[in-house]
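All figures in this text were calculated on a predicted structure; none of them were measured in a lab. Just so we're on the same page: letters track the sequence lines, and every chain starts at 1.
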Amino acid sequence: MLTPKHVFDRLFENFGNQHWWPVSSENEQFEIIIGAILTQNTSWKNVEKVLETLKKEGLIHPEKMIEIQTKKLAELIRPSGYYNQKAERLKIVSQFLLENDLAAMGVEWMRKKLLEIKGVGPETADSIILYAFNKPSFVVDLYTKRIFSRLGLINNNSSYNEVKQFFETNLEKDVELFQEFHALIVEHAKSFCKKKPDCENCFLRKNCKKLI
DNA sequence: TCCCAGGGGCCGA
DNA sequence: TCGGCCCATGGG
């Protein structure tokens with residue numbers, strides 16, 4: 001019987017530690033939150049460029065972010081795509097962070113409050129909780145669904161929360177495990193379990209129901 | 001040239 | 001509730 005932990009171990013053996021977003025300061029925490037918004041349906045490479053620009057402009061602070069004009073911000077973040085939407089979202093999130101002390105909240109309440117923010121959906125909320133606040137909330141994305149439905153562990157048409165529950169009930173609630181697992185899922189989806197999968201070279205092929 | 005990337009809001013059925 | 005559409009740049 002294939003379990004999520006078994007898959008995790010195989011991924012970790014093959015890809016090793018992914019070193020995603022180690023948080024050591026409040027400044028980096030805000031950077032992660034910004035990154036989570038900017039990377040919505042966008043490759044991380046484009047986001048990295050924009051984060052560099054925002055650093056140079058001294059904008060990695062919520063107080064600065066709400067001061068800058070939305071139009072100017074949109075121009076600065078242009079390479080990340082959807083720049084008009086995302087400029088608005090960055091300002092809304094910044095305003096929210098100045099008015100709410102997320103760090104003082106429990107995971108469930110934090111998630112509920114984050115989901116009330118326009119521009120923050122389930123994946124972005126869980127990414128912020130897991131990587132910016134180091135609290136265990138499993139992140140589900142298109143890759144997670146793709147890989148685990150091909151492996152036959154979940155249904156392809158499962159909802160976000162169903163998939164999230166599947167992982168949270170079948171894994172130890174461990175922050176570092178959740179962080180590393182999501183990063184490994186992204187890596188595996190990029191390397192092998194692509195939209196057009198490279199099953200021939202995939203190290204999970206023996207366990208996979210969906211050999212193509 | 002086409003496809004896709006670490007989604008989410010909105011709207012109509 | 002759910003499918004379809006829109007947002008948009010950059011790299012392979």
Residues in side chain to side chain contact (heavy atoms under 4.5 Å, CB included) contact with A:Asn17, at least two apart in sequence or another chain
A:Phe12, A:His19, A:Glu180
Specify the separation, in whole Å, of atom NZ of A:Lys196 and atom C1' of B:dC2.
12 Å
Got a sec, which residues hit side chain to side chain contact (heavy atoms under 4.5 Å, CB included) with A:Ser158, two or more places apart in sequence or on another chain?
A:Ile154, A:Asn155, A:Glu162, A:Val163
Please identify each residue that fulfils salt bridge (Lys or Arg N to Asp or Glu O under 4.0 Å) with A:Glu67, with sequence neighbours left out.
none
Would you please determine if the base of B:dA5 is stacked by A:Trp44, with stacking meaning a centroid separation under 5.5 angstrom and planes under 30 degrees?
no
Where along residues 111-120 of chain A does a heavy atom fall under 4.0 Å from DNA chain B?
A:Ile117, A:Lys118, A:Gly119, A:Val120
Can you measure A:Glu48 atom CD to B:dA5 atom P for me and round it to whole angstrom units?
17 Å
Using whole Å, what does the distance between atom P of nucleotide B:dG6 and atom NZ of A:Lys194 come to?
13 Å
Can you name the ring pair (Phe, Tyr, Trp, His ring centres under 6.0 Å) partners of A:Phe166, sequence neighbours left out?
none
Using the P atom as the point on both nucleotides, what is the distance between B:dG6 and C:dC5, in whole Å?
24 Å
Can you sort out the partners of A:Glu116 under side chain to side chain contact (heavy atoms under 4.5 Å, CB included), two or more places apart, ordered by chain and number?
A:Lys112, A:Lys113
Which atom pairs, one a donor and one an acceptor, fall under 3.5 Å between side chains of residues 73-81 of chain A and the rest of the protein, sequence neighbours left out?
residue : atom : partner : partner atom : Å
A:Glu75 : OE1  : A:Arg78 : NH1          : 3.2
A:Glu75 : OE2  : A:Arg78 : NH1          : 3.2
A:Arg78 : NH2  : A:Tyr83 : OH           : 3.2
A:Ser80 : OG   : A:Ile77 : O            : 2.9

In dot-bracket form, how is DNA chain C paired, counting a Watson-Crick or G-U wobble pair only if both its distances are under 3.5 Å and using | for bases paired to another strand?
|||||||.||||
Once ring pair (Phe, Tyr, Trp, His ring centres under 6.0 Å) is applied, do any residues pair with A:Phe138, and if so which ones, sequence neighbours excluded?
A:Phe167, A:Phe178, A:Phe181
Around atom CD of A:Glu176, are there more than 12 heavy atoms of other residues, nucleotides or ligands at under 6.0 Å?
no
If only side-chain N and O atoms count, and only distance matters, is there a donor-acceptor pair under 3.5 Å linking A:Thr124 with A:Gln40?
yes
To the nearest angstrom, the CD1-P distance between A:Ile185 and B:dA5 comes to 15 Å
Nucleotide B:dG7, atom C1' - distance to CD of A:Glu88 in whole Å:
15 Å
In whole angstrom, give the distance that lies between atom CD of A:Gln40 and atom P of B:dG6.
13 Å
Taking 5.5 Å and 30° as the limits, would you call A:Trp20 and the base of B:dG6 a stacked pair?
yes
Check every atom of B:dC4, B:dG7, B:dA5 against the side chain of A:Arg146 and return the nucleotide holding the closest atom.
B:dA5
For A:Leu51 and B:dG6, what is the distance between atoms CG and C1' respectively, to the nearest whole Å?
13 Å
Parallel, tilted or perpendicular: which describes the rings of A:Phe192 and A:Phe203, with under 30° parallel and over 60° perpendicular?
perpendicular
Residues two or more places apart in sequence or in another chain: which of them pass side chain to side chain contact (heavy atoms under 4.5 Å, CB included) with A:Thr42?
A:Asn46, A:Val47, A:Tyr82, A:Lys86
Without decimals, in angstroms, what is the distance between A:Tyr160 OH and B:dG6 P?
15 Å
Quantified in whole Å, what is the P atom distance between nucleotide C:dG10 and nucleotide B:dG8?
22 Å
Using only side-chain N and O atoms of A:Lys190, determine if any of them is under 4.0 Å from OP1 or OP2 of B:dG6.
yes
In B/S/- notation (B base, S sugar-phosphate only, - none; protein heavy atoms under 4.0 Å), nucleotides 5-12 of chain C written 5' to 3' is --BBBSS-
Each residue besides A:Ile66 in its hydrophobic cluster should be listed here, by chain and number; the cluster joins Ile, Leu, Val, Met, Phe, Trp and Tyr at side-chain heavy-atom distances under 4.5 Å.
A:Leu98
